[in-house]
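Heads up, the thing below is written out as structure tokens.
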Amino acid sequence: QVQLVESGGGSVQAGGSLRLSCAVSGYTYYSTYCMAWFRQNPGKEREGVAAFVQDGSTRYADSVKGRFTISRDTAKNTLYLQMNSLKPQDTSMYYCAATRPGYGGNRWAGCEFADWGHGTQVTVSS
């Protein structure tokens, strides 16, 4: 059974930093598979934040460029999101997602994300 489990969320003041982790079990996402972080607030659409796409390059939402960095440790089967200079508008539930051949899902950055974690809450106070 594929599981993506996020951790590292919490409450922080504006200007602070957090590092989110997404531990994967039950499946191996090769480097040619897309993996990403999304976020969603109640009543709003889920938005892509940062992603590794098929050629291994990265994509970022304009709102987080220069502040957030996506990385991964393939040996640990873990995806990370380093978030610096956090702003109140970064407050959201953050989700880890990945593509899997033969499965469809939400589209962003040229990928279809089929597998999702349950999310970790990030709250940034001013």
Side-chain angles (χ1 to χ4, degrees):
Q1 182 180 359
V2 179
Q3 281 192 315
L4 285 72
V5 180
E6 301 94 337
S7 61
S11 296
V12 64
Q13 289 193 325
S17 298
L18 285 172
R19 188 194 195 202
L20 305 184
S21 299
C22 172
V24 178
S25 61
Y27 196 76
T28 298
Y29 296 102
Y30 296 103
S31 59
T32 55
Y33 295 0
C34 300
M35 295 193 75
W37 289 95
F38 287 76
R39 64 187 181 188
Q40 187 174 23
N41 284 316
K44 295 194 174 181
E45 289 191 2
R46 191 168 293 187
E47 63 170 343
V49 175
F52 282 106
V53 296
Q54 292 96 327
D55 64 0
S57 62
T58 55
R59 297 287 186 274
Y60 292 95
D62 288 343
S63 59
V64 306
K65 281 181 181 176
R67 300 188 298 121
F68 290 12
T69 303
I70 190 171
S71 63
R72 61 186 165 195
D73 185 331
T74 54
K76 294 182 179 180
N77 220 12
T78 302
L79 185 72
Y80 301 100
L81 184 68
Q82 178 67 44
M83 306 186 295
N84 298 328
S85 303
L86 282 161
K87 303 176 181 180
Q89 51 264 47
D90 295 318
T91 295
S92 191
M93 185 71 81
Y94 284 73
Y95 298 89
C96 170
T99 59
R100 190 147 49 110
Y103 292 81
N106 296 50
R107 294 185 178 190
W108 185 63
C111 308
E112 284 196 60
F113 294 92
D115 296 330
W116 294 83
H118 292 294
T120 185
Q121 178 68 36
V122 171
T123 302
V124 184
S125 58
S126 57

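Side chains included, hydrogens not; waters and symmetry mates left out as well; all remaining heavy atoms used. We number each residue from 1, following the sequence as shown.
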Inter-residue atom distance R46.CZ - R39.CZ, 0.5 Å rounding:
13.0 Å
Residue among L20, T91, L81 satisfying side chain to side chain contact (heavy atoms under 4.5 Å, CB included) with V122
L20
Interatomic distance, CD@Q82 vs CD1@I70, rounded to 0.5 Å, equals 12.5 Å
Do any N or O atoms from the side chain of R100 and from the backbone of A114 form a donor-acceptor pair under 3.5 angstrom?
no
Can you tell me how far the OH atom of Y80 sits from the CZ atom of R19, to the nearest 0.5 Å?
5.0 Å
Is a side-chain N or O of E6 found less than 3.5 angstrom from the main chain of G119, in a donor-acceptor match?
yes
Tell me whether M93 shares a hydrophobic cluster with L79, the cluster being built from Ile, Leu, Val, Met, Phe, Trp, Tyr side chains joined at under 4.5 Å.
no
Would you give the length of the straight line joining atom CE of M35 to atom CZ of F113, rounded to the nearest 0.5 angstrom?
9.0 Å
Hydrophobic clustering (ILVMFWY, side-chain heavy atoms < 4.5 Å, transitive) - are W116 and Y33 grouped together?
no
Which is it for R59 and S57 under the side chain to side chain donor-acceptor pair (under 3.5 Å) test, yes or no, and what are the steps along the way?
CA-CA 7 Å; R59 297 287 186 274; S57 62; 3.1 Å; yes
When L18 is tested against each of T123, V124, L86 for side chain to side chain contact (heavy atoms under 4.5 Å, CB included), which residue passes?
L86
Any ion pair linking K87 and D90 (charged N to carboxylate O, less than 4.0 Å)?
no
Minimum-distance pair of heavy atoms, taken over all atoms of A98 and Y29
CB-CE2, 3.3 Å
Got a sec: does the OH of Y27 have more than 12 other heavy atoms crowding it under 6.0 Å?
yes
Could you pull out the closest heavy-atom pair between G48 and A61, with the gap in Å?
O-CB, 3.4 Å
Over all atoms of both residues, closest heavy-atom pair of P88 and A14:
CD-CB, 4.1 Å
Verdict with supporting geometry, R67 and M83, side-chain contact (heavy atoms from CB on, under 4.5 Å)
CA-CA 6 Å; R67 300 188 298 121; M83 306 186 295; over 6 Å; no
Listing request: all disulfide bond (SG atoms under 2.5 Å apart) pairs with a residue in residues 62-126, at least two apart in sequence or in separate chains.
C22-C96, C34-C111
Inter-residue atom distance Y60.OH - T69.OG1, 0.5 Å rounding:
4.5 Å
Would you please test F68 and W37 for ring-ring contact (aromatic ring centres under 6.0 Å, His included) and show each step?
CA-CA 11 Å; F68 290 12; W37 289 95; over 10 Å; no
What are the two closest non-hydrogen atoms of G117 and Y95, and how far apart are they?
O-CD2, 3.5 Å
What one should report as the nearest heavy-atom pair of V2 and D115 is CG1-OD2, 3.9 Å
Measure from the side-chain N and O atoms of N41 to the backbone N and O of K44, and report whether any donor-acceptor pair falls under 3.5 Å.
no
To the closest 0.5 Å, what do you measure between OG1 (T78) and CG (L4)?
10.0 Å
